[in-house]
Amino acid sequence: AAALRPAVSTPTLSPVPPESPAPRRPWSRAGPAERAVVMTPMSEAPAAGSRPPSELAHSSPPPRAASAASSGPAERPPQFLSLRTACCARPFCGARVRINNDGALPFNEEGRLEVKRRAKGGSLRMDVEAVPRYLLPNCQSEIVEEYGPFEPADINISLTCSVWVYYIPSEEGGDGEDADAEPEDCTVWLAIDRDQVPEEAQAVRGTLLCPGAGAPRLDLDGSSMGPFDLRPARPLPAAKAEGDPLCLLASLAFRLEAPEEHVFRARDPSPLAERCEALGGCELQRLMSCPVVIGFFCPTPRPPLYFKVPKYRWEQEELAELRVRLQKDAASAIKKGDMTAVRAMLVRGLVLHPAEVELAHGIRGSFVDLAAWNERAGAAVELMDLADQQSVGLGQELARASRHAVFWAVRHNFLALLRDLLARGAAPAQADEVAGSALRLAVEQSRPDAAAMLLAAGAWRGEGEKELVLNLLRDRRLLMPVEPGSGRGLGSPEDEARERLVAVAMQALPAQEIAMAIAAC
């Protein structure tokens, strides 16, 4: 076996004299100079086989050890605490919080607060201040949340949106002079606090509609006044700017069953939607101070009275007095938008035209003027339809008799009412003593659709301030599209509305004046 084993030459290692180390104390550590690794260029480095064993024995450690020693612990992400409403994800104004029994800290404008995250996680014991308890989860101001070293990044406290729906019965009439008077309406209310509900309140029956909520339809069985919890169908992003979606409460609608001998009439427009559109922000925080009336339970109109043709003078006087009383009652119903009562009065002998009622401050007009004056656009259109049912062509006469409806339709941007009035022959050049003509108001308010309707109906012929209207067209740039990136500015943001206005203006205005207006733009 020894003879068959191949011969292996063993290199002879010459002994290397040990180097004398530098004298140092036993407890001292090697300095930076002794720990440094000398880097040799590749051109000057000897071959691997030519390196002496002494150099191989004293070679530097691999680079992995150095990189592992230099790496530190992973950086922990920041942690935020947010407090927002469930209806629109808006911050609650003035809210503060105590964390782990420390001092009260306010939330920023976005409803957020950065809190310290411990290395191994922990728990946050929070005590929310300046927020009613009925809005907090489980009606408790003390909230405890657990967190880890890396999660969650945001701890969100969502304020509940629960509503109460009820109505207050009207007082019954006595046996005196008011026994024959019309009973008063019952008011239907919406509240968010149980303490706001009076003792005499009663539950309602019907349906609560809330588009955009997780449960868009809630059935009210008349056994409970609330609370009815409303939450969006999907989580909402944090609301910051004015262009964010409206509050969930702004879309509430009610279809209620009235008590016996009553009919339900909802407020139109809805006060919740009207306030959110005009003021913006969260409707939940406004309802904290006071509940809101959402409608009425109106008594059923009395049975109609039928009259024979008056023969004697006293009968004619009595009939004239009755018609005057019906006009006053109809005016009161139109101000409220109660068209059910108006239809009942028509059966009792109400005449829609000719009739003149007082609008305000000594100004008089027709029933259509009264509806437009009180911002009842739907009632104004229905009045003209009822007049046509009463007599063929009476709706057209009622529209032509109006003296203020066109101007107020432009002022409130009631385009459907304006279109119906002009189609029935209402004067397009109606004017106000202070604000001027309806055409001037439409151009001043940058409303191209209203201006196009008025010009198409012939408002330019009766315009008394033509030069001013042309200057306003140039200043508002209504005859030119809005340039992208120019900001909010003036003019029409809708190309279709601008095109309609330009097409009508080319026919209604003189060619020279329209060319000058376009050139100036």
Side-chain angles (χ1 to χ4, degrees), residues 263-269 298 300-310 319-320 322-359 363-430 438 442 449-450 452-459 462:
V263 293
F264 174 67
R265 177 173 60 85
R267 290 185 61 182
D268 184 23
C298 305
T300 305
R302 293 180 178 179
L305 301 177
Y306 297 95
F307 300 95
K308 63 180 181 179
V309 178
L319 181 58
L322 178 60
R323 286 178 176 174
V324 171
R325 192 194 317 168
L326 284 175
Q327 287 186 1
K328 291 182 179 179
D329 294 343
S332 178
I334 290 172
K335 289 180 181 179
K336 299 177 182 179
D338 188 2
M339 297 306 298
T340 303
V342 174
R343 286 191 292 269
M345 294 176 192
L346 288 173
V347 179
R348 299 173 61 185
L350 175 64
V351 178
L352 294 176
H353 179 75
E356 191 176 79
V357 294
E358 183 175 356
L359 307 182
I363 303 175
R364 303 184 66 83
S366 64
F367 283 130
V368 175
D369 291 329
L370 181 64
W373 186 284
N374 290 274
E375 303 180 26
R376 305 289 183 183
V381 174
E382 189 172 354
L383 281 171
M384 291 183 284
D385 294 338
L386 290 174
D388 284 333
Q389 297 175 11
Q390 199 173 37
S391 177
V392 178
L394 190 61
Q396 187 175 3
E397 296 181 9
L398 186 59
R400 291 179 177 178
S402 63
R403 290 173 284 181
H404 311 279
V406 171
F407 179 85
W408 284 91
V410 173
R411 177 170 182 176
H412 298 296
N413 204 26
F414 295 147
L415 297 180
L417 174 59
L418 179 61
R419 186 180 297 107
D420 201 353
L421 284 169
L422 296 177
R424 293 177 185 268
Q430 291 181 9
D449 282 325
M453 292 181 191
L454 292 172
L455 288 175

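In this chain, numbering begins with 1 at the start of the sequence shown.
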Q: Take Leu352 and Val368 through the test side-chain contact (heavy atoms from CB on, under 4.5 Å) and record every step on the way to the result.
A: CA-CA 9 Å; Leu352 294 176; Val368 175; over 6 Å; no
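Judged by distance alone, the side chain of Asp420 and the main-chain N or O of Ala416 form no donor-acceptor pair under 3.5 Å. Judged by distance alone, the side chain of Arg376 and the main-chain N or O of Asp268 form a donor-acceptor pair under 3.5 Å. Judged by distance alone, the side chain of Arg265 and the main-chain N or O of Thr340 form no donor-acceptor pair under 3.5 Å. No donor-acceptor distance shorter than 3.5 angstrom exists from the side chain of Asp385 to the backbone of Glu382, with no hydrogens or angles considered.
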Which donor-acceptor pairs under 3.5 Å do side chains of residues 395-411 form with protein atoms, sequence neighbours excluded?
{"unit_1": "Ser402", "atom_1": "OG", "unit_2": "Ala399", "atom_2": "O", "d": "2.6"}
{"unit_1": "Arg403", "atom_1": "NH2", "unit_2": "Glu356", "atom_2": "OE2", "d": "2.7"}
{"unit_1": "Arg403", "atom_1": "NH2", "unit_2": "Arg364", "atom_2": "O", "d": "3.3"}
{"unit_1": "His404", "atom_1": "NE2", "unit_2": "Arg364", "atom_2": "O", "d": "3.4"}

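Using a 4.5 Å heavy-atom threshold, the side chains of Lys335 and Trp373 count as separate. Side-chain contact between Leu418 and Asp449: absent, with no pair of heavy atoms (C-beta onward) separated by less than 4.5 Å.
Atoms CG and CG, on Asp329 and Asp338 in that order, are 11.5 Å from each other to the nearest 0.5 Å. Rounded to the nearest 0.5 Å, atoms CE (Met384) and CG (Leu417) are 5.5 Å apart. Rounding to the nearest 0.5 Å gives a distance of 12.0 Å between CD1 of Ile363 and CG of Leu370. For the atom pair CD (Gln390) and CG (Leu350), the distance works out to 7.0 Å, reported to the nearest 0.5 Å. Atom CD of Gln327 and atom CD1 of Ile334 lie 10.0 Å apart (nearest 0.5 Å).
In this structure, Ala429 and Ala459 approach most closely via the heavy-atom pair CB-O, 4.5 Å. Looking at every heavy atom in both residues, Phe367 comes nearest to Ala355 through CE1-CB, 3.6 Å. Of all heavy-atom pairs spanning Ala442 and Leu454, the tightest one is CB-CD1, 4.3 Å. When all heavy atoms are compared, the tightest approach of Met453 to Leu422 is O-CD1, 3.6 Å. Closest approach of Ala330 to Val342, counting heavy atoms only: O-CG2, 4.4 Å. Heavy-atom minimum distance, Leu383 versus Ala371: CD1-CB, 4.3 Å.
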